[in-house]
Amino acid sequence: MAISPQEVEQIVRRVRQRYGQPEASAEPVRAPVATPPAATGGGVFATVAEAVAAAGRAFETFRDVSLEVRRQIIERLRRDMRESAEELGRRAHEETGLGRAEDKTLKNLLVTDKTPGPEDLEPIAVTGDHGMTVTEYAPFGI
């Protein structure tokens with residue numbers, strides 16, 4: 001069952017009313033287009049192909065990194081995300097005009113704390129009457 005553009009507009013209008021946001025103008029809301037960073041990186045890319053290529057290079061760099069180093073990297077990222085969650089939520093709300101900044105902050109915290117990290121790469125050993133099975137997960141690709 002497809003939703004018509006008119007039905008989408010009605011849904012958006014109801015959500016905006018529910019959260020006390022002004023009626024949308026005839027001009028659609030567009031996220032600002034980021035200027036690609038210099039060749040040194042920054043995590044913003046002009047094309048999907050460039051982003052995929054960068055992810056491939058990152059995979060090659062981190063493929064052989066120990067679990068302990070991965071734990072340290074992910075914990076640092078999580079710590080920084082927790083510290084920045086409120087500001088990022090506020091900015092996302094300001095840029096899009098959608099939702100509530102508080103909800104975006106909670107979403108940032110949820111993603112930060114619930115996205116699996118190196119803890120999912122821990123080896124699992126199962127023993128029984130017929131021997132032992134060891135499962136070790138390994139990263140592969142992007």
Side-chain angles (χ1 to χ4, degrees), residues 1-128 131-142:
M1 177 175 153
I3 297 177
S4 72
Q6 293 80 14
E7 290 172 309
V8 171
E9 287 300 319
Q10 290 172 354
I11 293 168
V12 169
R13 201 172 300 116
R14 284 195 309 263
V15 170
R16 284 181 167 275
Q17 287 172 349
R18 181 180 301 153
Y19 292 104
Q21 294 181 354
E23 191 69 29
S25 67
E27 187 66 31
V29 175
R30 297 195 197 299
V33 177
T35 303
T40 57
V44 179
F45 302 92
T47 67
V48 171
E50 289 176 16
V52 170
R57 289 189 301 275
F59 170 74
E60 292 299 323
T61 300
F62 288 101
R63 175 178 32 202
D64 298 321
V65 171
S66 71
L67 282 176
E68 183 53 37
V69 171
R70 288 170 193 240
R71 281 187 198 95
Q72 292 171 5
I73 292 169
I74 296 300
E75 188 47 45
R76 175 64 190 261
L77 288 170
R78 286 177 176 162
R79 187 188 78 208
D80 290 351
M81 283 297 297
R82 285 184 202 105
E83 290 173 3
S84 302
E86 189 172 336
E87 178 186 354
L88 292 171
R90 180 185 49 75
R91 286 175 148 192
H93 174 69
E94 288 172 0
E95 286 180 15
T96 65
L98 301 175
R100 298 174 357 145
E102 298 82 13
D103 292 339
K104 295 189 179 300
T105 297
L106 290 174
K107 185 176 181 181
N108 287 333
L109 291 170
L110 176 71
V111 168
T112 298
D113 292 330
K114 297 299 182 183
T115 299
E119 63 274 9
D120 278 11
L121 297 176
E122 295 290 335
I124 299 169
V126 178
T127 61
M132 178 172 68
T133 301
V134 176
T135 304
E136 288 192 281
Y137 297 98
F140 60 95
I142 44 178

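The model shown is predicted, which means the values in this text are computed figures rather than measured ones.
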Item to check | Test salt bridge (Lys or Arg N to Asp or Glu O under 4.0 Å) applied to E60 - qualifying residues, sequence neighbours left out | outcome: R63

Item to check | E83: partners by salt bridge (Lys or Arg N to Asp or Glu O under 4.0 Å), with sequence neighbours left out | outcome: R79

Checklist outcome for this item: Interatomic distance, CG@L88 vs CG@L109, rounded to 0.5 Å, equals 10.0 Å

Checklist entry - With a 4.5 Å heavy-atom cut-off, do I73 and E75 have their side chains touching? => result no

Item to check | Any residue meeting side-chain hydrogen bond (donor to acceptor under 3.5 Å, both in side chains) with Q72, in chain and number order, not counting sequence neighbours | outcome: E68

Checklist outcome for this item: d(K104 NZ, T96 OG1) to nearest 0.5 Å is 4.5 Å

Checklist outcome for this item: salt bridge (Lys or Arg N to Asp or Glu O under 4.0 Å) filter on R91, not counting sequence neighbours, yields E87

Next on the checklist: Any salt bridge linking E119 with R78? Criterion: basic side-chain nitrogen under 4.0 Å from a carboxylate oxygen.
Outcome noted: yes

Item to check | Donor-acceptor contact present, side-chain R71 to main-chain P118, <3.5 Å | outcome: no

Checklist outcome for this item: Residue pairs passing the side-chain hydrogen bond (donor to acceptor under 3.5 Å, both in side chains) test with at least one member in residues 106-116, sequence neighbours excluded, are R82-D113

Next on the checklist: Testing E94, E86, H93 one by one against R90 for a side chain to side chain donor-acceptor pair (under 3.5 Å), which residue passes?
Outcome noted: E94

Item to check | Heavy-atom closest pair, residues A54 and F45 | outcome: CB-CZ, 3.4 Å

Checklist entry - Can you list the residues that meet the side-chain contact (heavy atoms from CB on, under 4.5 Å) rule with A58, with sequence neighbours excluded? => result none

